[in-house]
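Nothing fancy with the numbering, it's 1 onward along the sequence. Any value given below was found using the heavy atoms of this structure, including those in side chains, with hydrogens, waters and symmetry copies removed.
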Amino acid sequence: MSDLVLLADVGNSRVKLRSHGSSAVASYPWREENGVSALLAEVVARNPLRIVIASTSPQADAKLNVAVWQGFTAQYLGVEDLPLQLLSTGTGIDRLLVAWLLFEQTQSAVLVADCGTAFTLDLVDAKGCFHGGLIGAGLALQERALAQACPHLDLPQEGSTVIPQSTAAAVFAGTSAAMAAAIEAMAVRFEGQAGVTATRFLSGGDAPHLHSLLPQWHLRQDLVLEALAWFVSKASDGA
């Protein structure tokens, strides 16, 4: 085997791969058999020394442990691997990794909204204590559910007035604008509860779309992979 460490972010629908020391990201839909085959081919081609994995999906783990990771040294990160004080229970390792990374980088209180299949909003205070957060249906999921239930509605399109005057603008306001407003409002509530003023971060597949509605939030992508790379580097420095 090589000395390559491969980083894997296993989400609700996709696996993102990145070699430690590289910024190039490859993405594969693990629910589709051709996606799993392509993922396996990629891992075999890279022939890593080990694979460091952050996973939020037991279903993906059951499939990939047999179809892809078997034959390689796979390290699943858990809560016990991170130096975070936790006030929450049952929080996914992806949320904890990102919160830890951003606190490490800023050394301040942080709020992070991840907008993917589900959207989450989490808070770490200025002492590095993870308070917890919220989970809701992501923007694309909301739009698909609405389209399936009400196929007669127009596709969402931002309007020119605060109060929507067309069906398309009404759908936009009820999904994108409402989600952005909810994220901002809950961020303020979280800050008040914790007694902090936090630096705000926005990530995930829908983040670029929502960023125009939340311009004061810092847009950062692939934070789980970045956190995995940070973890591996820290572990190497401490070895």
Keeping [X] on the side-chain end and [Y] on the backbone end, is there a donor-acceptor pair under 3.5 Å?
X: Gln107; Y: Glu104; answer: yes
X: Arg31; Y: Ala60; answer: no
X: Trp69; Y: Ile53; answer: no
X: Ser166; Y: Ala169; answer: yes

Minimal non-hydrogen separation, [X] against [Y], with atom names:
X: Trp30; Y: Gly11; result: NE1-O, 2.9 Å
X: Ala24; Y: Ser22; result: N-OG, 3.1 Å
X: Thr73; Y: Leu49; result: CB-O, 3.7 Å
X: Cys115; Y: Ile183; result: SG-CD1, 4.0 Å
X: Gly78; Y: Asp81; result: N-OD2, 2.7 Å
X: Ala180; Y: Leu214; result: O-CD2, 3.5 Å

Before you tell me yes or no, could you show the steps for Glu184 and Arg200 under side chain to side chain contact (heavy atoms under 4.5 Å, CB included), namely the whole-Å CA-CA distance, both residues' side-chain angles and the distance that decides it to 0.1 Å? CA-CA 10 Å; Glu184 180 62 30; Arg200 290 158 157 77; 3.5 Å; yes
Indicate whether any N or O donor in one side chain lies under 3.5 Å from an N or O acceptor in the other, for [X] and [Y].
X: His209; Y: Ser176; result: yes
X: His152; Y: Thr167; result: no
X: Tyr76; Y: Asn65; result: yes
X: Asp94; Y: Thr56; result: no

Decide side chain to side chain contact (heavy atoms under 4.5 Å, CB included) for Leu97 and Trp230; before the verdict, give the C-alpha distance in whole Å, the side-chain angles of both, and the deciding distance to 0.1 Å. CA-CA 10 Å; Leu97 270 168; Trp230 188 275; over 6 Å; no
Might you work through the side chain to side chain contact (heavy atoms under 4.5 Å, CB included) test for Phe103 and Ser108, ending with a clear yes or no? CA-CA 6 Å; Phe103 171 76; Ser108 67; over 6 Å; no
[X] [atom1] to [Y] [atom2] distance, which is reported to the nearest 0.5 Å:
X: Met186; Y: Leu111; atom1: CE; atom2: CG; answer: 10.5 Å
X: Asp222; Y: Ser23; atom1: CG; atom2: OG; answer: 10.0 Å
X: Gln157; Y: Phe172; atom1: CD; atom2: CZ; answer: 9.5 Å
X: Ser13; Y: Gln59; atom1: OG; atom2: CD; answer: 12.0 Å
X: Leu64; Y: Ser55; atom1: CG; atom2: OG; answer: 7.5 Å

Non-hydrogen side-chain atoms of [X] and [Y] separated by less than 4.5 Å:
X: Trp100; Y: Gln105; answer: no
X: Leu40; Y: Val36; answer: no
X: Glu191; Y: Thr197; answer: yes
X: Leu202; Y: Arg220; answer: no
X: Val5; Y: Val52; answer: yes
X: Asp9; Y: Leu17; answer: no
X: Leu6; Y: Val43; answer: yes
X: Leu4; Y: His20; answer: no

Here's a test for you: under side-chain contact (heavy atoms from CB on, under 4.5 Å), which of Asp114, Val110, Leu219 qualifies with Phe201?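 One option only clears the test, and that one is Val110.
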Please list, chain by chain and in numerical order, all residues satisfying ring pair (Phe, Tyr, Trp, His ring centres under 6.0 Å) with His211, sequence neighbours excluded.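 Not a single residue meets the ring pair (Phe, Tyr, Trp, His ring centres under 6.0 Å) criterion with His211.
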For Leu101 and Leu223, what are the C-alpha separation, side-chain angles and deciding distance, and is it a side chain to side chain contact (heavy atoms under 4.5 Å, CB included)? CA-CA 8 Å; Leu101 169 73; Leu223 282 171; 3.9 Å; yes
Can you check side-chain hydrogen bond (donor to acceptor under 3.5 Å, both in side chains) on Asn12 and Ser57, steps first, answer last? CA-CA 6 Å; Asn12 290 310; Ser57 173; 5.3 Å; no
Check the hydrophobic clustering (I, L, V, M, F, W, Y; side-chain heavy atoms under 4.5 Å; chains of links allowed) and say if [X] and [Y] are grouped together.
X: Phe190; Y: Met179; value: yes
X: Phe119; Y: Val171; value: no
X: Val224; Y: Leu121; value: no
X: Leu86; Y: Leu123; value: no
X: Val112; Y: Leu213; value: no

Does atom CD of Gln221 have more than 12 heavy-atom neighbours from other groups under 6.0 Å away?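 Counting neighbours around CD of Gln221, more than 12 heavy atoms of other residues, nucleotides or ligands fall under 6.0 Å, so yes.
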Could you tabulate the donor-acceptor pairs under 3.5 Å formed by side-chain atoms of residues 129-147, not counting sequence neighbours?
{"residue": "His131", "atom": "NE2", "partner": "Asp125", "partner atom": "OD2", "Å": "2.9"}
{"residue": "Gln142", "atom": "NE2", "partner": "Ala137", "partner atom": "O", "Å": "3.0"}

With a 4.0 Å cut-off, would you call Lys63 and Glu33 a salt bridge?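 Looking at Lys63 and Glu33, the cut-off is met.
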Looking at Arg18, Lys16, Arg14, which hits side chain to side chain donor-acceptor pair (under 3.5 Å) with Ser27?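 Among Arg18, Lys16, Arg14, the one meeting side chain to side chain donor-acceptor pair (under 3.5 Å) with Ser27 is Arg14.
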